[in-house]
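Working notes for the structure below.
Chain naming here is simple, since letters A, B, ... match the order of the sequence lines and numbering starts at 1 in each.
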Amino acid sequence: MNEGEFCKMKKKIKVIKIDAEKCNGCRACEVICSAFHAKPKYSSSNTARSRIRIHFDPLRNVYIPVFSSFYTPAECASRNKYIINGTEYDECVFCGASCPSRDLFKEPDSGLPLKCDSCEDDPPLEKPMCVQWCLADALTYEEREEEAEEEVKLDELETGLESLIDQFGWQKVIDTVARLTQKD
Amino acid sequence: MRYAETGYNLEIDLSRGSIERVETDPRLTELHLGGLGTSARILWDRVPPEVEPFSPDNLLIFSTGLLCGTPAPGANRTIVSSFSPQTLFMAYSMMGGFWAPELKQAGYDKVIIRGKSPRLVYLWINNDKVEIRDASHLKGKGAIETARLIREELKDPKIQVLAIGLAGENRVHFASIEHMRSSASRLGLGAIMGDKGVKAIAVRGTKDLNIARPAGFIELCNGILKYIEWRREHPIKGVPPILAYIGSPQEMAIHDEEWHTTGFSWGHARHRRKDFWTEEIAKRWKEIQDSAVERLISCYNCPMKCGGIIRHPELERYMMKCYSKLTYVMAAMADDLAFGFRIAGLAQEYGVDGFTTPQVMAFAIELYEAGILTDRDMPGFPSSNEERFFWLLDKIVRREGIGDILADGVYWAARKIGKGAEAFDHNTTRKHEQMVIKLGMLNPIYYLMYATGEKSNITQIEGQIPQAPLPKEVREEFVADWPHLPRWYEKEFKEFILKWEPRGEYALPFYPPPDLICKLVEWQETMHYIDDSTGICAGLSSFPIKPPYHINNLPQIISAAAGLDLDDAELWKIARRNRNMVRANNIIRGLRRKDERPPDDHWKKRFPDYESKLQDEYYQFRGWNKEGIPTKETLNELGLDFVGEEFERRGIL
Ligand code: SF4
Ligand code: SF4
């Protein structure tokens with residue numbers, strides 16, 4: 001066995017297949033996502049906190065479920081716009097970023113970024129909640145194994161901190177943490 | 001902390017331009033739950049019977065149900081209530097969609113509107129920020145168009161809007177309030193909104209809604225979803241396709257319209273066309289529907305897909321709700337389903353009721369053909385029925401010429417036109433247009449529901465029992481798996497289903513016996529009153545046969561969400577309290593026994609003595625006197641002593 005192989009790991013790839021044609025715009029996925037991530041679990045619901053959002057514009061027959069993917073401190077240099085089969089989609093519709101250009105995928109009060117975690121739970125769920133609650137089968141779930149380099153995964157706290165630092169600068173965040181520590 | 005509800009109402013006085021956020025009394029939630037229940041109570045407390053519907057002192061209440069916005073599937077109804085310009089009694093109408101959950105997330109259970117705005121305005125509720133905004137640029141705009149324009153103006157596609165069209169602005173008595181594919185269309189609530197000078201209410205909310213017992217609640221919700229999936233694969237056997245599934249009637253998905261087109265009446269509720277549904281029509285209508293319906297769509301947190309996105313070459317895309325694809329077609333005696341899709345889209349933008357409007361227009365055509373209305377009244381009246389419908393619709397929503405008279409509905413129009421027009425007012429109850437069904441033999445269960453239903457709209461009262469005897473071979477199986485029944489009636493109801501025959505000793509109208517008839521009516525109604533207070537869609541609950549929600553799981557679901565401790569008997573009692581509260585609002589406005597009668601020709605075979613006896617029995621069963629007025633004992637038992645006292649003060653009791 002050589003060293004290169006040693007670093008490779010079997011990684012479980014979770015795939016949520018989105019069949020936008022089947023989406024009926026019910027937003028059950030948003031409801032259950034926000035409830036699942038409430039603390040304590042299911043103690044509240046608020047679609048504004050959901051990590052999946054349905055972009056829907058019935059009068060143009062546009063129904064696009066979008067998952068929140070990553071946090072970015074800076075918006076893209078340009079906006080993108082798709083036209084598929086003659087239907088023009090709004091700017092950035094397919095993008096899952098929590099990005100300063102829009103209020104999507106941010107906690108409504110704090111502005112902290114929201115990110116889909118596939119409903120990580122202990123014990124693990126058989127399927128993410130949005131998939132379970134999508135009775136239209138617009139969302140279906142698959143797992144497959146893939147060889148991959150282990151990557152460093154930022155957890156929720158780190159992503160949150162990163163966004164705070166981007167908003168207020170290192171010094172302010174450190175000062176505030178220091179002050180809060182003293183209060184305790 | 002408050003659970004399931006926010007504990008706040010938004011009080012807006014348009015005459016004074018004031019906006020207040022008012023905390024509500026949690027005891028009222030325990031007594032009435034929410035939605036229609038608490039709204040009926042507010043109307044009782046604050047709108048005395050002397051107040052005319054179009055008075056600034058009348059209230060217009062937009063309410064969520066207690067469960068709206070929680071994860072309970074299908075809890076999305078907006079319950080609009082006020083007093084009707086058409087019936088002069090209490091008006092309430094429910095609509096699905098997304099508005100009520102958004103209002104909850106904005107932090108309010110109800111929006112209560114008082115007064116009148118001197119100019120056309122719209123309300124913009126954005127969490128704690130609430131504004132009364134100028135709407136002069138929206139004057140005359142379509143209801144759906146208005147929603148789009150407001151979203152663009154406020155630059156947020158997630159805003160939920162309800163709006164009136166031209167009909168509401170012009171106070172057409174059957175004007176609706178429209179939202180997405182849904183509408184609160186019965187009893188003229190759109191006219192009240194127009195009278196108050198409110199074009200639309202836009203809402204955006206990003207706050208949490210709390211659940212009292214999260215783990216138990218979500219398990220119950222998961223159970224509801226499981227049952228919905230199971231019912232998809234298990235349609236009810238022995239009933240027409242339209243009744244076999246759950247949801248609102250699946251009009252956008254189902255092609256087989258034999259039941260409606262051959263069973264219901266055409267024209268102005270006049271003609272049965274028993275041979276209408278031929279193979280050729282079935283084929284043509286299927287083609288039309290398949291090309292018109294682009295996608296099936298749902299309301300908030302509901303998997304049922306009862307609506308459709310409609311595309312028609314001559315119209316902007318629009319969303320359609322269940323049955324309106326047929327009401328215009330049948331009333332116009334048009335054999336073309338495409339006409340239905342064409343006119344319904346236009347009618348929705350104008351904002352009119354898809355039940356009443358076609359009947360008013362068919363009534364006008366009858367009067368014209370009878371020579372009571374002439375070319376002098378209707379200059380330029382076209383010759384084909386389809387064109388006549390477009391012509392009439394335009395006149396009505398603008399209140400132009402004859403349209404001004406017709407815009408008050410059949411009852412009032414007939415009296416204004418005179419010259420014998422009254423005789424053509426044959427399908428109204430309490431001055432409100434009824435379902436276009438004319439049948440042979442009296443159905444005593446439906447007799448009572450038509451006569452005494454507070455809403456004057458049968459589809460909001462009926463449900464759960466098959467509309468005709470089941471075929472013998474499926475009966476046993478049907479009753480074996482029927483966990484929906486109130487335990488205190490279970491045995492009798494199952495026996496009824498097993499025994500009920502189309503002919504002979506166990507056939508309507510003299511079977512089942514009066515006491516059982518009363519109980520069947522009570523059960524059907526009660527389930528609607530529960531839905532109207534929780535905001536759960538009737539399509540998942542009180543309307544279809546064997547629905548996911550019923551009296552044996554609702555107490556737990558409501559309790560877990562709202563932190564109450566209800567059992568079936570207590571929930572039943574709340575529904576009875578709400579039912580009497582709505583009735584109290586009508587009794588104090590003069591509703592009496594004489595008003596409680598279905599259209600004379602609803603059935604060919606009538607039995608006046610028997611009907612009168614049934615009515616007596618039902619009144620007594622409900623704890624009402626011979627005039628249908630709730631007795632003091634009934635009111636006291638329900639904790640509505642103040643209603644009894646007011647009745648006494650006014651000499652009603
Ligand atoms: S639950 Fe499924 S059908 Fe409903 S909005 Fe989400 S993706 Fe679309
Ligand atoms: S997978 Fe989980 S976190 Fe992601 S959207 Fe669905 S429910 Fe939300």
Without swapping roles, check the side chain of [X] against the backbone of [Y] for a donor-acceptor pair under 3.5 Å.
{"X": "B/Asn210", "Y": "B/Met1", "value": "no"}
{"X": "B/Asn127", "Y": "B/Lys129", "value": "no"}
{"X": "B/Thr64", "Y": "B/Asp109", "value": "yes"}
{"X": "A/Ser43", "Y": "A/Pro40", "value": "yes"}
{"X": "B/Glu5", "Y": "B/Cys68", "value": "no"}
{"X": "A/His55", "Y": "A/Phe94", "value": "no"}
{"X": "A/Gln132", "Y": "A/Met129", "value": "no"}
{"X": "A/Lys106", "Y": "A/Ala48", "value": "no"}
{"X": "A/Thr176", "Y": "A/Lys172", "value": "yes"}
{"X": "B/Ser298", "Y": "B/Cys302", "value": "yes"}

Name the option with the most non-hydrogen atom pairs under 4.5 Å to chain A; the candidates are [options].
{"options": "B/Gln105, B/Met304, B/Arg295", "value": "B/Arg295"}
{"options": "B/Met319, B/Lys104, B/Arg204", "value": "B/Met319"}
{"options": "B/Met180, B/Arg148, B/Glu294", "value": "B/Glu294"}

Tell me, for [X] versus chain A, whether the close heavy atoms (under 4.5 Å) come from the side chain, the backbone, both or neither.
{"X": "B/Phe98", "result": "side chain"}
{"X": "B/Tyr300", "result": "both"}
{"X": "B/Arg213", "result": "neither"}
{"X": "B/Pro71", "result": "both"}
{"X": "B/Ile309", "result": "side chain"}
{"X": "B/Thr70", "result": "backbone"}
{"X": "B/Ile228", "result": "side chain"}
{"X": "B/Lys305", "result": "side chain"}

Stacked cation flag B/Arg21 on B/Tyr8, 6.0 angstrom / 45 deg: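 So B/Arg21 does make the cation-pi contact.
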Which of [options] touches chain B most, by non-hydrogen pairs under 4.5 Å:
{"options": "A/Lys41, A/Glu30, A/Arg27", "value": "A/Arg27"}
{"options": "A/Ala38, A/Ser45, A/Ala28", "value": "A/Ser45"}
{"options": "A/Ser44, A/Ala35, A/Cys26", "value": "A/Cys26"}

Heavy-atom contacts under 4.5 Å, residues 56-64 of chain A to chain B: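 At a heavy-atom separation under 4.5 Å, chain B is reached by A/Phe56, A/Pro58, A/Leu59, A/Arg60, A/Asn61, A/Tyr63.
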Pair A/Glu143, A/Tyr141: side-chain N/O donor-acceptor within cut-off below 3.5 Å: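 On atom types as modelled, these side chains qualify, holding a pair under 3.5 Å.
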Heavy-atom side-chain proximity of A/Glu88 to A/Lys81 below 4.5 angstrom: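 Yes, their side chains come closer than 4.5 Å.
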Proximity breakdown for A/Cys134 and chain B, heavy-atom pairs closer than 4.5 Å: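 Neither the backbone nor the side chain of A/Cys134 comes within 4.5 Å of chain B.
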